[in-house]
Structures are given as structure tokens and as C-alpha cells.
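I have placed the structure first, in the form of C-alpha cells, so that the comments after it can refer back to it.
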Amino acid sequence: MRFDVAVVGLGGMGSAALAHCAARGASAIGIEQFGVGHDLGSSHGKSRMIRKAYFENPAYVPLILRAYDLWHELEREAGEELLRITGVLAVGPENSKIVERTRHTATLHGLPLEQLSRREIEARYPTLKLLPSEAGVFEPDGGVLDPERAIAAHARVAEQRGAELRCDVAMQSWQPTSHGFEIHLSDGSRVDTRALVLTIGPWFKATLESLGVPIDVQRNVQVWFQPSTDVYDVGRFTSFLLDRAGLPAPLYGFPDFGAGLKAAFHGAGELTDADRVNRSIDVSRDVAPLSAALEQWMPGATAGLRGAKACMYTLTTDHDFVIDRHPQHANLVMCGGFSGHGFKFAPVVGEIAADLALDRGTRHDIRFLSLARFAT
Ligand SMILES: Cc1cc2nc3c(=O)[nH]c(=O)nc-3n(C[C@H](O)[C@H](O)[C@H](O)COP(=O)(O)OP(=O)(O)OC[C@H]3O[C@@H](n4cnc5c(N)ncnc54)[C@H](O)[C@@H]3O)c2cc1C
């Protein structure tokens, strides 16, 4: 059978791409080397932050607004809650990039954002310990996505729309044919397809580098703690970002949804490779610095250790994504380099991937995510 589109890699982005391709009525197949919702790539760990006032680059705002709508559509179709609004509190010194640029983006796009002094933050969250120079902003629309359930929901919706899923089989190679591509799989079978979407996360490094896009794969550890108090429970506490001098990287975390309070440094791990990433946890190296930073910021947060998992960032040099067609093959769409902040965009990335694979163009402005920016 020849498919209209094959999506290779069914993590956060690929599961969404498959659902959106199938929604257009295309015959679609999804190929995943592991199972749906596995914990070996970049999309595991039960929580991913979503926010609108994007400090990284205001150009993402139209995409994130569309993503919110699409997450809610997916929730309706899947019949489950995937996004919980908790608010996001960002704290740092007055000249903090995170606080300053969050404010800038909110003003530019007219997004709701509260400016909070140190005293106002301490009044709202009395256990928090701020430094005298720190202040912050609170984004009421910020929240938390459940990545494993979101991937399962996209995959399920894709199947309900007629897509075929092939798990536990890897793409070994692809080659162009007169009508599209022939994909060679690790079980010896082949798939014929008119268009190909590659959403292979940290396994993209070699392919992107062959096109002149330098990629670093970075190991990042996420840790779950048992607080000694209920003040950090969901409903009482917020998701947060802390930009504080002396930390290895900004600290972020989520309220306790019942399985512990999750926190991590945003981009502080060693560089690695998807096939040889160290998945074992060394408490003194992976947990202790995080636990010390958390205790200084939110005392009582780390009374017990509940678990920790390594995950991978796929970093481009400017930390912006790559969403584009292959320069030599217009019907090969590449979505990668999500640089540790991509999950919240998954459904809009899926929509764009379907646009590019099936319609050859998209109404979304993704020029800032093009391959061409690396040409110089
Ligand atoms: C610790 C951590 C915290 C994060 N926090 C946030 C956050 O708060 N908010 C946010 O928006 N983002 C966050 N991110 C980033 C976000 O999770 C990623 O950008 C996103 O999950 C990337 O999705 P992906 O589909 O590109 O990669 P993956 O989910 O890794 O998917 C790639 C898939 O391709 C498959 N694959 C690879 N090669 C092949 C092959 N040859 N054949 C078949 N299948 C193949 C893999 O098995 C995998 O399933 C975080 C990331 C990490 C690691």
C-alpha cells in the first residue's frame, strides 16, 4: 500500500503530526522505534509548562495561542483533561532576561500579566524566600500539560481517524522514488509514501547536521520531591521559573499534583547523544544541587526524594526550532531542534507539519524557524 504521508517518530511532535494528517483525510502511517508514550526520548516526565508571554521570542506567540486552542480541541475529542491552568510565577532580579522579556512579550501582544514586587510575592506565597533584589511577574494563563497522556491522546485520535500505527520498529533509511519515498524499516519491511514527516527528536542530530544545522543533545534530569508541607499542592501553589545568580541555570517546577513536586534546571546537563545518554541517576550529581537550590527558594519542598529521570534537549545554536521542508525534497518535512521548550507547541507543530506535507504551504508564520537561517 502507498500512503499519502508517513510520520517517523511518535513522540510529542510526531503523534500530533499524525493526528493532524489523518484529520485531513490523508492515508497516514506513524512509525515509532519504541512504544507510544515511552520514557527514552524528550517527551516524558508527567509535566510540561505552557505559557503565552514567551520570553524566548515574541514571534512564538501566535503559535502558542493556536496551540492553546488545539490542546482544548484535543481534550474535547479525547474526552480527558490534558492541560491544567496553575498560573506561572517568574522571579528574578530586575534585569533578569526571563522577567524582563516576559513583560516585553506580554505588552507587545496584550497578554494578561501581573507585575509583582518582592513583598507582593511573599504575601501571596508566604513560604517563598526571595532575595532583596528580586521581583516577578505572574501569568494567570500559564499551566501544565501531561505529556504522556497528550501523546497517547494524539495517537488514539490519529487511529480513530484512520491512521495506521507501527510501534517497536525503527526507520533505518529512506530514499526518494519517482512518486515520493521508500522507507526501510528495522523489521525488513518497506513503506511507500508520497510525503514524509520526520519528528525524531534527539535522534535528528546527524540528519540536521548534514544540512548545516549544528545540534547539541543535552541530558537534563527532572526530579520529584515529597514536600513536608501541603502549601505546594496544586490549587494552593503555582508553576514557577526562578532566574537567580549562582544557579547552574534557571530553576523551574510545578505544584504537587499528588505524585510529588517536580523541579529541574532549564538546560544544565552534560552534552550527550541519543543512543548513549546516561539514564542512571547519581543523587549527589543529579539531585543534590537542585534540592539545595529549591530549599533556599521554597523551604520544605524537598523533605523526601520520590524519583528522578534523565531526558534530552535537542538544542539549536539560537534555541529556536527547525520546522521546514528538506532543501532537496519538497515533500519531506522536518520538525526538530525543539531546544528544551517545544512540547507546549506540539499540536500547532502537528498542524503545520500536515500543512507542509499535504498542502505544501502553511498560514502560520514560521520563517524564523527555517533551515535557511543557518546558511550564513
Ligand atoms: C526534562 C525536560 C523538560 C522539558 N520541559 C518542557 C516544558 O516545561 N515545556 C515545554 O514546552 N517543553 C519542555 N521540554 C521540551 C519538550 O519536551 C521537547 O521539545 C519535546 O518533547 C520534543 O518532542 P519531539 O517529538 O521532538 O521528541 P521526542 O518526544 O523525543 O520524539 C522523537 C521520537 O522519535 C522516535 N524516533 C527517533 N528515531 C526514530 C527512527 N529512526 N525510527 C522510528 N522512530 C524514531 C523516538 O523514539 C521518539 O519517540 C522539556 C524537555 C525535557 C527533556
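Here the shortest heavy-atom pairing between L294 and F240 reads CD2-CZ, 3.9 Å. Closest approach of D146 and R149 over heavy atoms only: OD1-N, 3.1 Å.
Using the six-membered ring where Trp is involved, F237 and Y125 have ring planes that are perpendicular, over 60° apart on the 30 and 60° scheme.
Aromatic ring centres of F338 and F345 lie farther apart than the 6.0 Å criterion allows. The six-membered or imidazole ring of W297 lies away from that of Y252, with a centre-to-centre distance of 6.0 Å or more. Outside the 6.0 Å centre-distance limit, the rings of F225 and Y232 are not counted as a close aromatic pair.
Ion pairing between E94 and R103 holds under the 4.0 Å rule for side-chain N and carboxylate O. Ion pairing between R24 and D4 fails under the 4.0 Å rule for side-chain N and carboxylate O.
Of the listed residues (H319, H341, H266, Q218), just one forms a side-chain hydrogen bond (donor to acceptor under 3.5 Å, both in side chains) with Y313, and that residue is H266. Results of the side-chain hydrogen bond (donor to acceptor under 3.5 Å, both in side chains) test with E77 over H72, R161, Q160, H154 single out R161 as the only residue that passes.
A donor and an acceptor atom, one from each side chain of E295 and T302, are located under 3.5 Å apart. Judged purely by distance below 3.5 Å, without hydrogens or angles, the side chains of Y54 and K344 pair a donor atom with an acceptor atom.
Of the possible polar contacts, one joining the R48 side chain to the H44 backbone as a donor-acceptor pair under 3.5 Å is found.
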